[in-house]
Amino acid sequence: MTEFIHHIPALIIVIPLLWGFATPLIGRLSKKGMYAWVVTALAITEALTIAQIYLVLTQGTQVYVMGGATYNTTIPPDSGGIPVRIILTVDAFSAFMAFTAATVTLAGGIYSITSEEGTSGESMYYTLLLLMLSGMLGMVMTGDLFNFFVFLEINSLASAGLIAYRVGKGISVEAAFKYAIISSVGALIYLFGVGILYGEYDALNLAMVASRMQFTGLDKVVMALFTVALAMKAGSVPLHYWVPDAYGKAPGAISAILVTASQASLYALFRVCFSLFGLGSNTLTTGWFLISLGLLSMFVGVTMALIQTDIKRLMAYHAISQTGYMLLGVGVGLATLGTAAFSQYGLQAMEGGIFHIINHAMYKGLLFLTAGAVIYRLGTSDLNKMGGLAHNMKYTTVFFMIGALSIAGIPPFNGFASKLMIYESTYLFNPILSIIAIVVSVLTLASFVKVFHSAFMGPKLYDVKEVPKAMLVGMAILTSLIILFGLFPNIAIQYLVGPAAKALANQAAYISSVMGGA
Amino acid sequence: MVGALNTYVTPSGFWNPILWLIAFLISLLLAYIIWSRGEKSYKKETEQVKPFFAGNVIESKERAHVRAHNIYWGFVEALRPYYMALKRIHTGDVNDYVAWFIGVTSFMLIIYFLWGVKP
Amino acid sequence: MVETEKKVMARKLGRLVRAVWIFNWFNSCGCTELLPVVSSRYDMERFGLIIVDNPKHADCLIITGYQTIKSIKRVVRIYNQMPDPKVVMALGSCPITGGMYWDSYNTIKRLSDYIPVHMYVPGCPPRPEAVFQAVGLLVEHVRKLKEEVSRK
Amino acid sequence: MMYVLLALYIIAAPFIVGALGILYGMVLKGIDRKLTARMQGRVGPPLRQPFYDVLKLLEKECIIPENAVKWLFNAAPLIALAASITTLLYLPIGPFPPLFSGNGDLIVILYLLEVPCLAILAGGFAAGSPYSTVGSQREMVLMISCEFPLAAAIIALAWKYSSIYPGLKAFSLTTFVNNPIWNNVGVLGFIGVGILLIVMLALSTSGLGRLPFDIAEAGTEISGGMLVEYTGRNLGILYINDAVRVVVFATLINAMFFPYKLSPLIANYVALPLAASLTIDFLFYLFKVFLIAFVTVTLMRVAFPRYRVDDVVKFYWGIAGLATLAALILIVMDTFFGW
């Protein structure tokens, strides 16, 4: 049994990959069998990620060498000090992100059993879904720069295919086309940076390159290429234009999972800024880069969302503005890295930013699922054609209210817990930051009140029934986590977010976990 | 004395969600006590339940529902110039997206070359 | 009236009288004399009477002046939209008998054909004191009702 | 044993604070109507008028409109009143520290001030009538515009406290009460905090939805705005909620800007037992709350006509917003250069 535990990191990536490609076979046998097959795959991955978090908390960073003699010989004896193979380094931050991605995909998978029923090519849908999940988990857990590019490509292509799943008279295909172009441009620029690093330090492992980094002129080029390419993939403002198109046109559950896909790129941006360049680079500049991205994303995202009339585009703009909160939180942590201020409020700012990642994944996933439910029943996503759904879609209305209240940061829910941490730590760095953050959270509330009114309130215009059970189960999973994190933020901080923040901030530990030869 | 419960502490503040929820439920009970003393009955299905529209009748249910596009007129009107500029930037053309990407990359290149690394 | 219903009505009216919220339907000459009732000269707020802006909040509907055929439809609808224990006060001679428009083709002659009117305040236009006398009569009526109920 | 005591304390706290908020709020409303009348040369209603109003409202029929979403329509006033009462738990009542001190700070209060407005707004939308929808939208615009100066004022003061007392929790109200802001600011800081005080007074007028900024329940324009469809006991609860919110806003401003006590002054003349000094401080607190409520509600109601909707946004994001940013800069200069 102990042998199996060491292989968990690899299993987490491989299970969705293999089970995804086996789905069309099962699908040919029986529809019900395929649903069971997919849900068990997602459930097993979810359980493994939880086990992984437990392992990382108890035994520290998990290192797994793909194809090595034993699971943790990172530097083979005859390689002269260079970790040759692909190494999965799973520290607390990666385990945290893997858990987030697996939970939202589980909820989305259960949700799409009924929401995608009867559509043509359903088994391909589930294959791409599991492929996308393995791409995300790979991006989050790999310690190898090039391997990250490979998983980034898997994830981008799978989600481009899924966005175009419902052709929707060609509009979704156009959105998927834009998403594919932007992802490939970003990924190739990232690959170009990896090429430069490989040329300079003839190593691809992130920890290895970080330990050998001398910050030459070329490294500054790489810094620029990495940070901006990953910022685009994460969807921050000056480069956010693809987000409303991609999320707005994807089918119900996919836009919820796309949120965690762009959060995986956000993870990569933080990993690059903290672990690859770390204290060698001028953390004030990279910190201010993240903070200014955050401020722009917050304000422009929410002001654009206020005037949208399409329910999914409005929520897409909110995904951008909430990503701004994470960038702000972690950016303040990065800007104060290494100084005395870091221990005073920098670490808590990072904790707020990272806690906001999982909170955002939960309530944004829930909101996209409720939007999918409304579209599933009404067929249109235009807010002007909706009205009075609360009369007979009771559960969806309650789920939507919980999601809207938590995204707006209203006290008892989880959005408030992470935003409170961000407000009360970033203002010490610069008071303007948290003033803008508070104003943006009220504007978020305003736009969701608008959706709440035009879609759910008003006289009974359509006699629609409640959405089928599986969709409600999908939403219930995310709602229970929202309420859990809302009422017990201490537990989330102590077990999930605190170790993740410390692991991210501690570059030396990351390098020693790989180079030190566990 | 009340701090015995595990309060969620931030660098310059604190917040206890469960305590608030208990207090909220109790004050909800207090409000319900006052509320329940009032009159419950009303004449169903009469003219009484029609929405007040200055004495006129709203022809159909569609017209009674205010649609989404004319919401927050006040706010959008006050920030009119800002919103005009914002709408112009969001062109929806992939070439502009990539152009923005190249622009921001070159800008960040200059920033990193100037202050990218600690001297 | 059954015994308990009278007691309930006494309690309701007893409370209503001390804080009458008025929805005014001033739409003709009848109301010109009534502005001092609201302003500082006669100040009706002394007795807890204030003007509210929609019938759903109001207890007392004051209708002044003649009602045309078109406007009476609105009046009936507004009367129905007011929540119970409500009172209607017709001011001026026009709603009582049609006033000087008694023979015109488009006004209605008697308001009480359309909605139950509780108090008539004659005068064209009626004096502000007449309005207070009407409210006084309402208070008097309620006091008598209470005594009768408490005696039983 | 300790937990039983704690449980009793937690259960009793909302009732104590609720009683104070409701009773004193209604008394303040009565005084406010009396003073407004007197300022307009009228005699004005008796002081007990708000109690009569509520008793009458509880007797009237409680109509639920046909388009309304029934459960939300009835729940909204209750949630609003409950949230207003819980806000009082985090505010210092006169000499006594907040009942839940150490469990909620200024940012929590900032959001708890929003929850009642949000509940009434949701109720207005749930009513499904055009007037109430337009009213609720305007209330949302009012909330957006108030947020910027309110957040800026709170952050500026908290930033000031964090730079003077790094050890203390800058957002907790006990820090505000124990060391009043006026004593530890230089000249520039004094002007800055003065500006913040004026902006906070304007904000409390719009937070309560009173005349210059009552675009949400504009009587003449949209005849009752959000509250159009509410009748009977629902309207009674909203009436009480409005009264409680006057006490909440006045206590917040009192705690932030005037946390002074009267008993130390009297103590050096005549020896005061503890009970006497507490009652004096409590009465002084009630008087301060009345003064603040008089300035923010009565004076503004008598002096100003109603703003247009977009002018409200321009005022709060333009004039008041720039004023708070200027105050922030003054406070920052005061801290760094110590003028």
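In what follows, every chain begins at residue 1, and chains take the letters A, B, ... in the order their sequences are listed. Computed from heavy atoms alone, side chains included, the values below leave out hydrogens, waters and symmetry copies.
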Using 0.5 Å steps for rounding, measure from the [atom1] atom of [X] to the [atom2] atom of [Y].
X	Y	atom1	atom2	answer
C:Lys56	D:Thr231	NZ	OG1	7.5 Å
C:Gln81	D:Ile63	CD	CD1	8.0 Å
D:Leu57	C:Trp21	CG	CH2	4.5 Å

Residue part contacting chain C, namely of D:Phe51, when any heavy atom lies under 4.5 Å = neither

key: Which portion of D:Leu55 sits near chain C, non-hydrogen atoms under 4.5 angstrom   = both

key: D:Lys60 side chain vs C:Asp84 backbone, donor-acceptor pair below 3.5 Å   = yes

query = For D:Leu227, does its backbone N or O pair with a side-chain atom of C:His57 as donor and acceptor, under 3.5 Å?
reply = yes

Does [X] reach the side chain of [Y], with side-chain heavy atoms less than 4.5 Å apart?
X	Y	answer
D:Tyr52	C:Leu16	no
C:Arg11	D:Glu59	yes
D:Tyr131	C:Asn54	no

query = Side chain, backbone, both or neither: which part of C:Ile50 has an atom under 4.5 Å from a heavy atom of chain D?
reply = side chain

key: Minimum-distance pair of heavy atoms, taken over all atoms of D:Gly41 and C:Ser40   = O-CB, 3.5 Å

Chain C contacts, top residue of D:Arg48, D:Glu229, D:Glu217, D:Lys34 (heavy-atom pairs, under 4.5 Å) = D:Glu229

query = When C:Glu45 is tested against each of D:Arg42, D:Gln40, D:Gln49 for side chain to side chain donor-acceptor pair (under 3.5 Å), which residue passes?
reply = D:Arg42

message = Taking CH2 in D:Trp71 as the centre, count heavy atoms belonging to other residues, nucleotides or ligands within less than 6.0 Å. Is the count above 12?
response = yes

